[in-house]
Amino acid sequence: MLLLHTLRTEKDRVLAGLAKRQVANAEATVDQIIALDDQRKALQTSTDSLLAERNNLSDKIGALMKAGKREEGNAMRDKVNAIKDEAAIGEEELKAVKAQLEEALLGLPNVPHQLVPAGVTEDDNELFKPFAGQLPTLPAGAKPHWELAEEYGIFDLELGVKTTGAGFPVFTGQGARLARGLVNYFLDRNTEAGYTEYQPPLLVNEASARATGQLPDKEGQMYHCTEDDFYLIPTAEVPLTNLYRDVILDESDFPIKLTGYTPCFRREAGSYGAHVRGLNRVHQFDKVEIVQFAHPDNSYAILDEMVAHVGDLLNELGLPFRILRLCGGDLGFTSAMTFDFEVWSAAQERWLEVSSVSCFETYQSNRLKLRYRAEKGTELAHTLNGSALALPRIIAALLENNQTEDGVILPKVLHHYLGMSKLVRK
RNA sequence: GGAGGAAUGGCAGAGCGGUUUAAUGCACCGGUCUUGAAAACCGACGUACUGAAAGGUACCGGGGGUUCGAAUCCCUCUUCCUCCGCCA
């Protein structure tokens, strides 16, 4: 959620940023929000002074009663009652205006960072770091991962349909082992890089989903357990970031680095077809997430650090990848800047997104009330997160890119985790 | 699932419906003393909104109510603890 202070003092920058995102009627919305806030202030002031008068008179009544001047005290009661009624009306209005204000603010996405390119669709994203090497060439008869999966017994989509429905793959045998190995490898590497490992809940309450911005923006994207009003997490970002909701840090606590493995659940009401075959898009998948909380002065240095870390992981896995800086139109609702990592899927001959690393500045911390003690008072911290890494497309790329006559060659870093150097046909 | 009890500042822990401006202790911070530290002493010590400031308002788990006035009384929800039952 954007800060009212920002809307007031940096309106031009906000409007320019929202324009980059193709937000319609941005100026009217901002003006309306400021008007609501003016209204809120006026109501707050008038109500407060009524309450002050009430408190004042109540004290006097107390004193009068004590002094035995019952008559005078009773007379004053009527006066206080009148003030009370008036104050109650003010409080009611204030509550309504505050609710309106909050809903309006929640409707505004984050302001993109200065360096975020203008653009409408993913085609306008900036190729921040192209792949420098040679893309792998596959032998004749190379297969896409969904065919390899069958041949090698990696995962079974039919079994998932039987147990649950489409988009819930069942990993089997050496495929399940590969998934587990990748999770362990990622967690170990993140821990080495200073991240503390957590196992958070996979269901969150509404307050958590709102604080990180999944609600109200992505209401339909999450699975909702209506009976208990819990949401299945679409990413570990939600529970991990919310661990620090309502927390006031000391500056010396920075940087705070968390990592966690969780399954992720996404309804992904959207397209079906060739682009979503196999593991390209599923309703449940595994992901290891990294989260950082930073001082505003160096959050972008930390974003660079996180990008470098994810790049290291992909290099160690030997996967060709490129880094995109998302344009305004493609940027997530809550993000100020996002880098997407895409690996080359050699059999499908296209790039697959495997990680998204973002800085949210104070957009999330404002709702989280995640602050630190500054020279004077408290300031909002910056929040960041990224995937390190999401499994399905990594598995797809490993299968496709490394397929040989003798099997699928595993990168060296995984040998230890799987107890084997290649996957074999069943 | 049943029966009881509890929820107060960073922590511990007081708080007959009206100087509560939430006692006290510990921790933290500043200072005095000291070569330095410890001890001792002095001081400061929550968050948010509002206001140029002085100040004002709200907040004692959440929500609602009674009252001129609520941390205190009532209702309700949530969470935790104890005991019993069931279960991995």
Side-chain angles (χ1 to χ4, degrees), chain A residues 1-9 33-106 199-211 215 225-231 239 242-254 256 293 362-381:
Chain A
M1 191 163 69
L2 291 175
L3 290 158
L4 273 162
H5 183 257
T6 311
L7 296 188
R8 285 180 179 277
T9 58
I33 287 172
I34 290 174
L36 274 171
D37 190 45
D38 287 337
Q39 210 180 330
R40 192 204 101 246
K41 282 189 190 191
L43 280 167
Q44 174 101 43
T45 312
S46 61
T47 307
D48 278 0
S49 57
L50 284 171
L51 290 175
E53 205 177 338
R54 180 205 63 182
N55 290 344
N56 193 358
L57 289 177
S58 289
D59 283 348
K60 281 185 183 158
I61 292 174
L64 286 171
M65 291 303 188
K66 225 172 213 176
K69 297 179 180 170
R70 198 164 288 268
E71 290 282 305
E72 285 182 55
N74 284 337
M76 210 170 266
R77 256 182 219 176
D78 294 339
K79 202 170 161 190
V80 176
N81 273 327
I83 293 170
K84 246 177 54 168
D85 291 345
E86 207 180 329
I89 293 168
E91 280 184 320
E92 198 87 352
E93 283 179 50
L94 187 59
K95 207 170 153 187
V97 170
K98 274 184 171 172
Q100 251 180 293
L101 186 58
E102 175 153 307
E103 278 315 301
L105 272 174
L106 283 172
Q199 269 191 33
L202 307 181
L203 278 71
V204 294
N205 56 32
E206 185 186 328
S208 292
R210 285 178 89 89
L215 290 177
C225 308
T226 50
E227 192 161 355
D228 301 291
D229 205 12
F230 292 145
Y231 293 87
N242 271 282
L243 296 177
Y244 279 78
R245 176 145 49 90
D246 291 320
V247 167
I248 302 178
L249 300 162
D250 287 321
E251 281 200 38
S252 57
D253 293 331
F254 291 127
I256 292 176
F293 306 122
T362 59
Y363 194 88
Q364 290 183 327
S365 57
N366 187 22
R367 280 207 59 85
L368 287 162
K369 296 203 182 70
L370 169 53
R371 293 156 290 176
Y372 64 92
R373 291 183 201 289
E375 292 273 314
K376 197 181 164 215
T378 62
E379 298 285 344
L380 293 170

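Not measured: the values here are computed from a predicted model.
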>> I'd like to know if A/Asp253 and A/Arg373 make a salt bridge, using a cut-off of under 4.0 Å between side-chain N and carboxylate O.
In response: no

> P atom, B/rG17 versus B/rU72: distance in rounded Å?
Replying inline: 11 Å

> For B/rA58, does either OP1 or OP2 sit under 4.0 Å from a side-chain N or O belonging to A/Arg54?
Replying inline: yes

> Around atom CD of A/Glu251, are there more than 12 heavy atoms of other residues, nucleotides or ligands at under 6.0 Å?
Replying inline: yes

> For the pair made of CG in A/Asp253 and P in B/rG10, what is the distance, rounded to whole Å?
Replying inline: 15 Å

> A/Asn56 has an atom CG; how far is it from atom P of B/rG56, in whole Å?
Replying inline: 10 Å

> For the pair made of CD in A/Glu53 and P in B/rC68, what is the distance, rounded to whole Å?
Replying inline: 17 Å

> Considering heavy-atom distances to RNA chain B, does A/Val80 or A/Ala52 have its closest nucleotide positioned more toward the 5' end?
Replying inline: A/Ala52

Distances under 3.5 Å between nitrogen or oxygen atoms of protein and nucleotides 17-21 of chain B:
unit_1 : atom_1 : unit_2  : atom_2 : d
B/rG18 : N2     : A/Ser58 : O      : 2.6

> On a whole-Å scale, what distance lies between the C1' atoms belonging to B/rA71 and B/rA7?
Replying inline: 12 Å

> Do the rings of A/Tyr372 and A/Phe254 sit parallel, tilted or perpendicular, given the 30° and 60° boundaries?
Replying inline: perpendicular

> Once you round to the nearest 0.5 Å, how far does CE of A/Met1 lie from OG of A/Ser365?
Replying inline: 10.5 Å

> Looking only at heavy atoms, which two atoms of A/Leu105 and A/Leu2 are closest? And how far apart?
Replying inline: CD2-O, 3.8 Å

> At under 4.0 Å, does any side-chain N or O of A/Lys95 touch on OP1 or OP2 of B/rG64?
Replying inline: yes

>> Taking the minimum atom-to-atom distance to the side chain of A/Ile248, which one of B/rU47, B/rC68, B/rU50 wins?
In response: B/rU47

>> With rounding to the closest Å, how many angstrom separate the C1' atoms on B/rG55 and B/rU21?
In response: 14 Å

> Whole-Å distance between B/rG55 C1' and A/Leu51 CG?
Replying inline: 15 Å

>> In whole Å, measure the gap between the C1' atoms of B/rA14 and B/rU66 for me.
In response: 26 Å

>> Would you measure the distance from the P atom in B/rC28 across to the matching atom in B/rA38 and give it in whole Å?
In response: 10 Å

> To the nearest Å, how far apart are A/Asp246 CG and B/rG46 P?
Replying inline: 19 Å

> Considering only the C1' atoms, how many Å lie between B/rA3 and B/rG18, rounded to the nearest integer?
Replying inline: 38 Å

> Which pair of heavy atoms, one from A/Leu94 and one from A/Arg40, lies closest together, and at what distance?
Replying inline: CD1-O, 3.6 Å

> How would you label the contact of A/Thr45 with the nucleic acid (heavy atoms, under 4.0 Å): base, sugar-phosphate, or nothing?
Replying inline: sugar-phosphate

>> With rounding to the closest Å, how many angstrom separate the P atoms on B/rA48 and B/rC84?
In response: 46 Å

> Quick one: do the A/Ser58 and A/Asn55 side chains pair a donor with an acceptor below 3.5 Å?
Replying inline: no

> Between B/rC49, B/rU47, B/rG51, which nucleotide has the shortest distance from any of its atoms to the side chain of A/Arg373?
Replying inline: B/rU47

> Do A/Ser49 side-chain atoms and A/Ser46 backbone N/O form a donor-acceptor pair below 3.5 Å?
Replying inline: yes

> What is the distance, rounded to the nearest whole Å, between atom CD of A/Glu379 and atom P of B/rU47?
Replying inline: 12 Å

>> Taking the basic N atoms (NZ, or NE/NH1/NH2) and the acidic carboxylate oxygens, is any pair closer than 4.0 Å for A/Lys98 and A/Glu91?
In response: no

> Of the candidate nucleotides B/rG56, B/rC68, B/rA58, which contains the atom at the shortest distance from the side chain of A/Lys84?
Replying inline: B/rC68

> Can you give the dot-bracket line for RNA chain B, using ( ) for pairs inside the strand, [ ] for pairs that cross earlier ones, | for pairs with another strand and . for unpaired bases, where Watson-Crick and G-U count if both distances are under 3.5 Å?
Replying inline: ((((((((.[[[..)..(.....]]]..((((.......))))..(((((....))))).[[[[[..)....]]]]])))))))....

>> Check A/Glu53 with A/Lys60, please: is the shortest side-chain N to carboxylate O separation under 4.0 Å?
In response: no

> So, is A/Asn55 near the phosphate of B/rC68, with a side-chain N or O under 4.0 Å from OP1 or OP2?
Replying inline: no

>> With rounding to the closest Å, how many angstrom separate the C1' atoms on B/rU8 and B/rC80?
In response: 15 Å

> With sugar-phosphate meaning primed atoms plus P, OP1 and OP2, does A/Thr47 contact a base, only sugar-phosphate, or nothing at under 4.0 Å between heavy atoms?
Replying inline: nothing

> Nearest 0.5 Å, what's the CG-CG distance between A/Leu43 and A/Asp48?
Replying inline: 10.5 Å

> When the distance from CG of A/Asn81 to P of B/rG69 is rounded to whole Å, what number comes out?
Replying inline: 7 Å

>> Between C1' on B/rG46 and OH on A/Tyr372, what's the gap in Å once rounded to a whole number?
In response: 19 Å

